[in-house]
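Notes follow once the structure below has been shown.
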Amino acid sequence: KLFQGFMFNLKLGYGF
Amino acid sequence: VNSYFGIGIGGMVPLAPEIEMAPGLNLFGIYDTQSILFGIDCNLWGMSSDSRYSYADFGISAYYAFGRKFIAPYIGGGLSFSAVDYETEVSYVAEREYYDYDIQGYRTSEETEYNTYVDDKSGIGAFIGGGVMLNRASSIILLAEVKYFVSFFKLAEPKGTVTYEQW
């Protein structure tokens, strides 16, 4: 089986 | 406002070769064209002390953003280059020689020993996923994101026990 799975992420960004 | 840069906290849950939660950090940039979001990401997963995985990737992506409001769901995907170290514990039976004072000579004994085997692989992979952007087009935004990834390489299956010669 290929290396696989799920990722989850909470991101905080600065917009300009 | 149409560009964003920031950091993230998250992780990966690989389904193969072993299911494990590998948390870590993310760095990202997004360019917002109203309907499409273009992204670059750097993910560093498996930073916890108990993680068997140690993972880093760099990816580029495109997402379709629904609506133009301050809360914007988005779906899409991309490609990434990743490098991963995967540790498994391997046991093997080793012959050990020791000095026996009772017989004033050396004897051998067979002992099960444990060691860590590291499989390191790298290559490209693809991912699809989506999320929600909060406070879009403002100076501070928050994104919650989930994706499914497939790397185009395999990691060694955990072996458990091998012979001394194999080790």
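If you measure heavy-atom distances from B:D32 to chain A, you find no contacts under 4.5 Å at all. For B:N135, no part lies under 4.5 angstrom from a heavy atom of chain A. Using a 4.5 Å cut-off between heavy atoms, B:S138 contacts chain A through its backbone alone, with no side-chain atom that close. With a 4.5 Å cut-off on non-hydrogen atoms, B:M133 does not touch chain A at all.
Linking ILVMFWY residues whenever their side-chain heavy atoms come closer than 4.5 Å, directly or via other members, leaves A:F16 and B:L37 in distinct clusters. When hydrophobic clusters are built by joining Ile, Leu, Val, Met, Phe, Trp and Tyr residues whose side-chain heavy atoms come closer than 4.5 Å, directly or via intermediates, B:I140 is grouped together with B:V132. Cluster annotation: A:F6 is connected to B:V150 through the hydrophobic network of ILVMFWY side chains, with a link wherever side-chain heavy atoms come within less than 4.5 Å. Hydrophobic clustering keeps B:F149 apart from B:L44 (ILVMFWY residues linked when any side-chain heavy atoms are closer than 4.5 Å, directly or through intermediates).
Counting heavy-atom pairs closer than 4.5 Å to chain A, the top-ranked of the candidates B:S151, B:G123, B:G125 is B:S151. With respect to chain A, the highest number of heavy-atom pairs below 4.5 Å among B:G10, B:A16, B:S3, B:G8 belongs to B:S3.
When the shell of 6.0 Å around NZ of B:K121 is examined, it contains more than 12 heavy atoms from other residues, nucleotides or ligands. More than 12 heavy atoms of other residues, nucleotides or ligands lie within 6.0 Å of CD1 in B:I36, so this atom counts as buried by the packing criterion. For B:Y106, the OH atom counts as loosely surrounded, since its 6.0 Å shell holds 12 or fewer non-hydrogen atoms of other residues, nucleotides or ligands. Heavy atoms from other residues, nucleotides or ligands lying under 6.0 Å from CD1 of B:I60 number 12 at most. Taking a 6.0 Å sphere around OH of B:Y114, one finds it holds 12 or fewer heavy atoms contributed by other residues, nucleotides or ligands.
One distance of note links CZ of B:F153 with CD of A:Q4; it measures 11.5 Å at 0.5 Å rounding. To the nearest 0.5 Å, atom NZ of residue B:K147 and atom CZ of residue A:F8 are 12.5 Å apart. Interatomic distance, CD1 of B:I7 versus CG of A:N9, reported as 10.5 Å (0.5 Å rounding). In this structure, B:L25 CG and A:K11 NZ are separated by 13.0 Å, a value rounded to the nearest 0.5 Å. With values rounded to the nearest 0.5 angstrom, A:Y14 atom OH is found 12.0 Å from B:I141 atom CD1. Taken to the nearest 0.5 Å, the CE atom of A:M7 stands 10.0 Å off from the CG atom of B:N26.
The shortest side-chain heavy-atom distance between A:L10 and B:L142 falls under the 4.5 Å cut-off.
Of all residues in residues 61-87 of chain B, those placing a non-hydrogen atom less than 4.5 angstrom from a non-hydrogen atom of chain A are B:V84.
Ring pair A:F3/B:Y55 is tilted by interplanar angle, where 30° to 60° counts as tilted.
The two atoms that bring A:L12 and B:F28 nearest to each other are O-CE2, 3.6 Å, heavy atoms only.
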